[in-house]
Asker: 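Pasting a structure here, questions to come.
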Amino acid sequence: MNAHGTAVLDLNADLGEGFGRWRLTDDDALLSVVTSANVACGFHAGDPSTMRQVCERAAERGVRIGAQVSYRDLAGFGRRAMDVPPDELADEITYQIGALRAFAQAAGSDVAYVKPHGALYNRTVADAEQAAAVVAGVLRAGGALPVLGLPGSRLHEAAAGAGLPVVTEAFADRAYTAAGTLVPRRTPGAVVLDPDAVVARSVRMAREAAVTALTGEEVAVRARSLCLHGDTPGAADLARRVRAALEAAGVRLEAFA
């Protein structure tokens, strides 16, 4: 909520998640819905041409460009647990941001924030060492880039401690634990598949800052940005429904960066 009691929310989605001839996300459709684009930087998905195209289209539509950094894991789509030495991980974060920044600036925009992907996102919720490595990589890339992540995470602690802005995030289609973390994808029910439920959850999180956990508990979820996954069937249509419902509920949609 802003000072006038109006709910303000950013809509983000993971884009550019293809490689070569393969395409996973409907980038054009999602760019007409979201206010921020988490662009794959080549480590879990994405290739130079895809990165360029997404940056150009995002810049044309006024969508903010974020670097979605990942463990180096193309085969596993960045969703496999990995143990990467902190110094090496920090270098890889800097590398990914730098690569995306070149394309973003060429498109007349810039990298506006950073968000970890998949296993790295989940690892930095509780792992202070890996979180610190991500932040070190962001700092080396230059600029006080906001870090998008789960409220109360070690990643946000490390970012705030280093003077970086932190942006809280919620997930429209992911189940929550009673502790406010995401249910692991391998758990049945981890992804909410009912479109009506996704829409209702989104509006409730925006208006009431709450969500019902997979086990039934009520969980406080205070988020400035809502993630709409682009790699699920019918993702673009669902994203349009979520946006329409939020606007109908009086939520103002606005990028955070």
Side-chain angles (χ1 to χ4, degrees), residues 10 12-14 17 36-46 66-74 76-100 111-171 174-187 190-191 219-227 229 231 256-257:
D10 168 74
N12 78 75
D14 302 344
E17 290 186 331
S36 297
N38 317 315
V39 183
C41 299
F43 272 38
H44 75 281
Q68 187 164 43
V69 295
S70 171
Y71 286 127
R72 188 192 294 269
D73 181 26
L74 275 176
F77 195 59
R79 287 181 175 161
R80 298 185 292 192
M82 302 184 74
D83 288 315
V84 180
D87 289 347
E88 183 179 334
L89 178 58
D91 290 340
E92 292 186 344
I93 299 302
T94 302
Y95 181 94
Q96 292 175 78
I97 296 170
L100 186 65
V111 172
Y113 64 95
V114 177
K115 174 185 172 178
H117 165 82
L120 182 59
Y121 188 102
N122 293 328
R123 180 75 171 265
T124 57
V125 169
D127 189 318
E129 185 177 59
Q130 293 282 280
V134 171
V135 169
V138 174
L139 291 171
R140 188 182 294 124
L145 291 173
V147 176
L148 181 60
L150 205 67
S153 62
R154 293 289 190 174
L155 177 64
H156 271 184
E157 289 179 10
L164 296 175
V166 296
V167 183
T168 54
E169 180 178 36
F171 290 80
R174 289 295 308 279
Y176 279 79
T177 69
T181 58
L182 299 181
V183 172
R185 279 185 174 268
R186 64 181 177 273
T187 303
V191 178
V219 180
V221 178
R222 300 191 181 279
R224 177 64 177 82
S225 187
L226 180 69
C227 180
H229 277 107
D231 61 344
F256 60 81

Asker: Can any side-chain N or O of R154 pair as donor or acceptor with the backbone N or O of Q130 at less than 3.5 Å?
Answerer: no
Asker: Tell me, with the steps shown, if R224 and V166 meet side-chain contact (heavy atoms from CB on, under 4.5 Å).
Answerer: CA-CA 10 Å; R224 177 64 177 82; V166 296; over 6 Å; no
Asker: Rounded to the nearest 0.5 Å, what's the gap from NE2 on H229 to CG on N38? Could you check?
Answerer: 9.0 Å
Asker: Can you say whether the rings of F77 and H44 are parallel (under 30°), tilted (30 to 60°) or perpendicular (over 60°)?
Answerer: perpendicular
Asker: Going from CG on L164 to CG on L139, what distance comes out if it is rounded to the nearest 0.5 angstrom?
Answerer: 4.5 Å
Asker: Which atoms form the tightest heavy-atom contact between L89 and A133, and what is the distance?
Answerer: CD2-CB, 3.9 Å
Asker: Can you give me the closest heavy-atom contact between T181 and L150, atom names plus distance?
Answerer: CA-CD2, 3.9 Å
Asker: Count the heavy atoms of every other residue, nucleotide or ligand shown that sit under 6.0 Å from OH of Y95, and state whether that count exceeds 12.
Answerer: no
Asker: Any heavy-atom pair between the side chains of S70 and Q96 that's under 4.5 Å?
Answerer: yes
Asker: Measure across S225 and V167 and return the closest heavy-atom pair with its distance rounded to 0.1 Å.
Answerer: CB-CG1, 4.5 Å
Asker: Within this structure, what is the CZ-CG distance for the pair F43 and D73, rounded to the nearest 0.5 Å?
Answerer: 11.0 Å
Asker: Can you see which heavy atom on V135 is nearest to which on A159, and at what distance?
Answerer: CG2-N, 3.6 Å
Asker: Report yes or no: does T168 contribute a side-chain atom to a donor-acceptor pair with the main-chain N or O of R222 at less than 3.5 Å?
Answerer: yes
Asker: For the CG atom of L155 and the OH atom of Y121, what is their distance to the nearest 0.5 Å?
Answerer: 8.5 Å
Asker: Under 4.5 Å between any side-chain heavy atoms of R174 and V191, yes or no?
Answerer: yes
Asker: Surrounding CZ of R185 (heavy atoms of other residues, nucleotides or ligands, distance under 6.0 Å), is the total greater than 12?
Answerer: yes
Asker: Measuring from atom CG of D91 to atom CZ of R140, what distance do you get when rounded to the nearest 0.5 angstrom?
Answerer: 5.0 Å
Asker: Looking at G149, is its backbone amide N or carbonyl O close enough to the side chain of H156 to form a donor-acceptor pair, meaning the two atoms are under 3.5 Å apart?
Answerer: yes
Asker: Quick one: pull up NZ in K115 and CG in D14 and give me the separation to the nearest 0.5 Å.
Answerer: 4.5 Å
Asker: Can you give me the closest heavy-atom contact between F171 and Y176, atom names plus distance?
Answerer: N-OH, 2.9 Å
Asker: Taking T177 for the side chain and V183 for the main chain, is one N or O donor matched with an acceptor at less than 3.5 Å?
Answerer: no
Asker: Looking at every non-hydrogen atom in both residues, tell me the closest pair between E169 and A223 and how far apart they are.
Answerer: C-CB, 3.6 Å
Asker: Is it true that the side chains of N12 and S36 contain a donor and an acceptor less than 3.5 Å apart?
Answerer: no
Asker: With a 4.5 Å heavy-atom cut-off, do I93 and L120 have their side chains touching?
Answerer: yes
